[in-house]
Amino acid sequence: MDFPIVDLMDPGACYRYLVDLLHPDGLSCPRCHRSDGMGVQARHRAPVLDYRCTHCGRVFNAYTGTPLHGTRRPPAQWVLIFRGFAQGTPTAQLARELGCDRMHLLDLRHRFQERAAGAATQVGAIPGSETEADEMFQNAGEKRGPAPEPGRPAPTPGQQARGHGNFANDRPPVVGVVSRDTGAIVLEVVERTDQETLIAFVTEHTDDGATVYTDEWSGYARLSAEGRGHATVNHTPGQREWARDDDGDGIREVHDNTLEGLWAALRTFLRPFRGISKHYLHQYVAVFQWAYNKVGVAGMVRTLLGLPLSTPTAS
Ligand SMILES: [Zn+2]
């Protein structure tokens, strides 16, 4: 028996949670911004109340002018939807739990996740003098994974080889940097892993003068010319060396195991979604980034709503 979990939640508490998120300084008239003349106009959607501003006559509610403008879902359902998006609950499971339509929920998810992805692109350099940079390739096709089109030849082993994944051949690359000092990460889905793309990404997201540890992929070769200290690790299969002591001080500092662990965590996060379209992959990667940077559920919901974060990075 399906018993909607929404019915178990306190609608008033959920409504107040949403109001506090959307209006941290308190609810006020969206036109004249005064909060001292709000008369209740209608209660038929309680706990969502319609107000009329006694100063300018504007009728509004807590959702007016926000991403929830015009929506009719009960506040408890919104809270559970945001919680599910923030926690990476697969859409099919969330739809079952909430008793709502899966495709509609998927549309909603993409609408809100796009805001979280937009905020993720605004993150500048991660603080830290020691950083790692690397890339991984995620199988993701137009819609349901990398099913080949009829008549299109199967990819040759060479195209499947490391370094040859790109957005067009349904192995979109995810590039990442991690700060060894704070653990904060920045990730981005890119078209291809050529030198221009990698250097632009790494210089945007690392501090001037930071040391960047990478593998020996030639795309990173120009990093030293961009004001970064650059050290490489050999990842060629059969010749892997996970840590190397470059400067002879006895500390094996040249490794990028942090990012290797990160990729494993990202793959684990993406797996339950089963066949994310490559056109939406950046959204799921952004949600993972926010979660990994420990912004908390409230912080995640803020990014989904397109609101500024109070705490921008992990510690
Ligand atoms: Zn007003």
Side-chain angles (χ1 to χ4, degrees), residues 4-87 91 94-95 98-101 103-124 282-283 286-287 289-291 293 295-313:
I5 195 170
V6 178
D7 294 347
L8 295 170
M9 298 181 71
D10 176 352
C14 292
Y15 175 66
R16 286 191 295 277
Y17 175 81
L18 293 173
V19 173
D20 288 346
L21 263 175
L22 296 167
H23 307 281
D25 300 323
L27 192 56
S28 61
C29 170
R31 185 191 284 153
C32 72
H33 306 295
R34 295 172 71 166
S35 56
D36 58 345
M38 298 176 3
V40 174
Q41 166 91 357
R43 298 178 180 276
H44 62 279
R45 287 180 58 211
V48 183
L49 302 180
D50 288 338
Y51 296 98
R52 176 185 287 274
C53 175
T54 56
H55 301 288
C56 73
R58 177 82 149 93
V59 174
F60 63 96
N61 61 39
Y63 298 167
T64 303
T66 77
L68 301 187
H69 189 108
T71 61
R72 303 251 159 215
R73 290 172 190 274
Q77 191 167 100
W78 276 124
V79 170
L80 289 171
I81 285 172
F82 288 130
R83 179 169 164 272
F85 291 173
Q87 293 179 333
T91 308
L94 199 55
L98 295 176
C100 61
D101 179 70
M103 289 316 289
H104 190 192
L105 195 58
L106 187 62
D107 282 346
L108 264 186
R109 171 169 233 145
H110 290 158
R111 203 138 51 85
F112 284 103
Q113 284 188 165
E114 191 59 27
R115 293 189 174 88
T121 66
Q122 303 302 310
V123 176
H282 66 288
Q283 297 184 350
V287 169
Q289 174 180 313
W290 290 121
N293 285 341
V295 297
V297 172
M300 282 288 313
V301 175
R302 292 187 67 80
T303 68
L304 291 165
L305 285 165
L307 301 166
L309 267 181
S310 36
T311 46
T313 47

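Atoms within a ligand are numbered from 1 in the order they appear, just like the ligands themselves.
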### Query
Are a donor atom and an acceptor atom from the side chains of Gln113 and His282 found within less than 3.5 Å of each other?
no
## Note on the structure
For Cys29 and Cys32 the tightest heavy-atom approach is SG-N, 3.3 Å
### Task
Please state whether the rings of Phe82 and Trp78 are parallel, tilted or perpendicular, taking 30° and 60° as the class boundaries.
parallel
### Query
Can you pull the ring-ring contact (aromatic ring centres under 6.0 Å, His included) pairs that have at least one residue in residues 10-35, sequence neighbours excluded?
none
### Distance filter under 2.8 Å, centred on the Zn ion (ligand 1) - protein N, O or S atoms that pass it
Cys29 SG, Cys32 SG, Cys53 SG, Cys56 SG
### Summary
d(Leu106 CG, Leu94 CG) to nearest 0.5 Å is 11.0 Å
### Query
With a 3.5 Å cut-off and no angle check, do the side chains of His44 and Asp50 form a donor-acceptor pair?
no
